[in-house]
Amino acid sequence: MENINETSTDFFLMGLFPPSRFGLFFFILIFLIFLMALFGNLSMIILILLDTHLHTPMYFLLSQLSFMDLNFISNIAPRMISDYLFDNKSISFIGCGIQSFLFIALAGAEGLILASMAYDRYVAICFPLHYSIRMSKRVYMLMITGSWIMGSINSCAHTLYALHIPYCGSRNINHFFCDVPAMLTLACMDTWVYEYTVFVSTSLFLVCPFIGTACSYGRVLHAICCMRSTEGKKKAYSTCSTHLTVVTFYYAPFVYTYLRPRSFRSPTEDKVLAVFYTILTPMLNPIIYSLRNKEVMGALRRVIQRICSVKK
């Protein structure tokens, strides 16, 4: 293996599944989660497109979140499944760069979309009479476009750096995907300057949107407490609690992983935390938004009734 590593430009992903019965169990579990995430996110996107009652800024932003989650898990899980089935852990230099680029771009864009969704709820609850102006089509399209562009630019910078630094000796990446911090442990040079930029970048794309989200929901919760209508309170609280659940699942493992110094991190811990934001969160998001949202469930019933009436 060492000879291969020294003469080949390919990387080798150490993977997530241990070579035991537990490995087979984890493989089956990941495969089922992947199928659930595909079905859930595709269903959410199609439902929002088909039902006119969901043609609002909030649900257009939610459709983008589902699209990002769909791409997020599709960028990671199929490779994991393929590596396990065919026992081929090598990934080309370019393939590793593409996977890394997509991961960073989608992670950054999703954080900004979640912050945009928080702002949408803030305007809807705190300024309902100005909602159509503050969240016009132009505004939420700018939010969506800006999220994709900023995420891609940030990703481009990180990926280009990772692909241009020299690697020597072993090319075994102790991870189940091409995560730049895991790749840097194989570099032949001191990368402390880049690690500092990772901290700054993570702060901009995770901490700043999180602070914006927290401020938005602080104002929202204050507005909910001041509401006189019990029904209005329940509806607003249900919507906000759903989004806060998704935000927590997304931000917590990312912040804990990328804002700690390398000396406090371990490869095993990084892989376990990565499962949350690459595998579990894309599967949980559509479930959380559908089961705890009466409008989505109502839209689902209408679409099913429409399909049944066409068949008759």
Side-chain angles (χ1 to χ4, degrees), residues 40-41 43-69 108-148 150-151 205-251 281 284-303:
N41 286 294
S43 299
M44 187 67 76
I45 293 168
I46 293 169
L47 188 64
I48 291 169
L49 287 174
L50 292 179
D51 193 273
T52 54
H53 293 83
L54 300 183
H55 289 183
T56 62
M58 174 185 170
Y59 289 105
F60 276 119
L61 291 170
L62 178 56
S63 69
Q64 285 297 305
L65 179 67
S66 293
F67 182 66
M68 289 173 182
D69 281 336
E110 187 160 329
L112 295 173
I113 280 291
L114 287 171
S116 300
M117 292 172 72
Y119 175 76
D120 172 81
R121 291 300 82 202
Y122 162 66
V123 175
I125 294 171
C126 297
F127 303 97
L129 298 179
H130 299 159
Y131 183 76
S132 59
I133 298 171
R134 294 197 180 195
M135 285 301 296
S136 63
K137 184 177 181 179
R138 179 176 173 274
V139 171
Y140 69 76
M141 287 304 293
L142 280 173
M143 287 178 170
I144 292 169
T145 307
S147 297
W148 281 104
M150 291 176 69
F205 279 85
L206 290 178
V207 177
C208 290
F210 178 76
I211 291 172
T213 300
C215 290
S216 294
Y217 278 109
R219 296 290 299 274
V220 165
L221 290 173
H222 179 264
I224 290 174
C225 291
C226 296
M227 285 182 179
R228 295 181 179 180
S229 169
T230 305
E231 187 64 29
K233 279 186 178 182
K234 285 183 180 179
K235 185 178 179 180
Y237 181 76
S238 175
T239 304
C240 295
S241 61
T242 298
H243 187 64
L244 281 173
T245 304
V246 171
V247 167
T248 303
F249 272 114
Y250 175 80
Y251 281 111
T281 301
L284 289 172
N285 283 354
I287 295 174
I288 294 170
Y289 275 110
S290 59
L291 294 180
R292 300 190 64 184
N293 193 312
K294 292 181 180 179
E295 291 180 355
V296 171
M297 296 304 293
L300 181 61
R301 284 193 294 270
R302 287 191 293 271
V303 169

Do [X] and [Y] come within less than 4.5 Å of each other through their side chains, counting heavy atoms only?
X: Leu62; Y: Tyr289; answer: yes
X: Val296; Y: Tyr59; answer: yes
X: Arg134; Y: Val139; answer: no
X: Met143; Y: Gln64; answer: no
X: Val207; Y: Phe210; answer: no

Open item on the list: Please check this pair: side chain of Ser66 against backbone of Ser63, looking for a donor-acceptor N/O pair closer than 3.5 Å.
Closed with: no
Open item on the list: Closer than 3.5 angstrom, by distance alone: can the side chain of Tyr251 be matched with the main-chain N or O of Gly111 as a donor-acceptor pair?
Closed with: yes
To the nearest 0.5 angstrom, please state how far the [atom1] atom of [X] sits from the [atom2] atom of [Y].
X: Leu54; Y: Met44; atom1: CG; atom2: CE; result: 9.0 Å
X: Ser216; Y: Ile211; atom1: OG; atom2: CD1; result: 12.0 Å
X: Met68; Y: Asn285; atom1: CE; atom2: CG; result: 12.0 Å
X: Asn41; Y: Leu65; atom1: CG; atom2: CG; result: 7.5 Å
X: Tyr131; Y: Ile125; atom1: OH; atom2: CD1; result: 10.0 Å
X: Asp51; Y: Arg301; atom1: CG; atom2: CZ; result: 11.0 Å

- [ ] Evaluate the ring planes of Phe127 and His130, with Trp represented by its six-membered ring, and classify them as parallel (under 30°), tilted (30 to 60°) or perpendicular (over 60°).
- [x] parallel
- [ ] Check the surroundings of atom CZ in Phe249: do more than 12 heavy atoms from other residues, nucleotides or ligands lie under 6.0 Å from it?
- [x] no
Open item on the list: Tell me whether the count of non-hydrogen atoms from other residues, nucleotides or ligands lying under 6.0 Å of NE2 in His222 goes above 12.
Closed with: no
TODO: Let me see the working for Leu61 and Met135 under side chain to side chain contact (heavy atoms under 4.5 Å, CB included), right down to the final yes or no.
DONE: CA-CA 11 Å; Leu61 291 170; Met135 285 301 296; 4.3 Å; yes
Open item on the list: Going by side-chain contact (heavy atoms from CB on, under 4.5 Å), name the residues that satisfy it together with Phe67, two or more places apart in sequence or in a different chain.
Closed with: Ile45, Asn71, Trp148
Open item on the list: Looking at every non-hydrogen atom in both residues, tell me the closest pair between Pro209 and Leu112 and how far apart they are.
Closed with: CG-CD2, 4.0 Å
Task: salt bridge (Lys or Arg N to Asp or Glu O under 4.0 Å) partners for Arg219, two or more places apart - done: none
Open item on the list: Apply side chain to side chain contact (heavy atoms under 4.5 Å, CB included) to residues Lys137 and Phe60 and explain how you reach the verdict.
Closed with: CA-CA 10 Å; Lys137 184 177 181 179; Phe60 276 119; over 6 Å; no
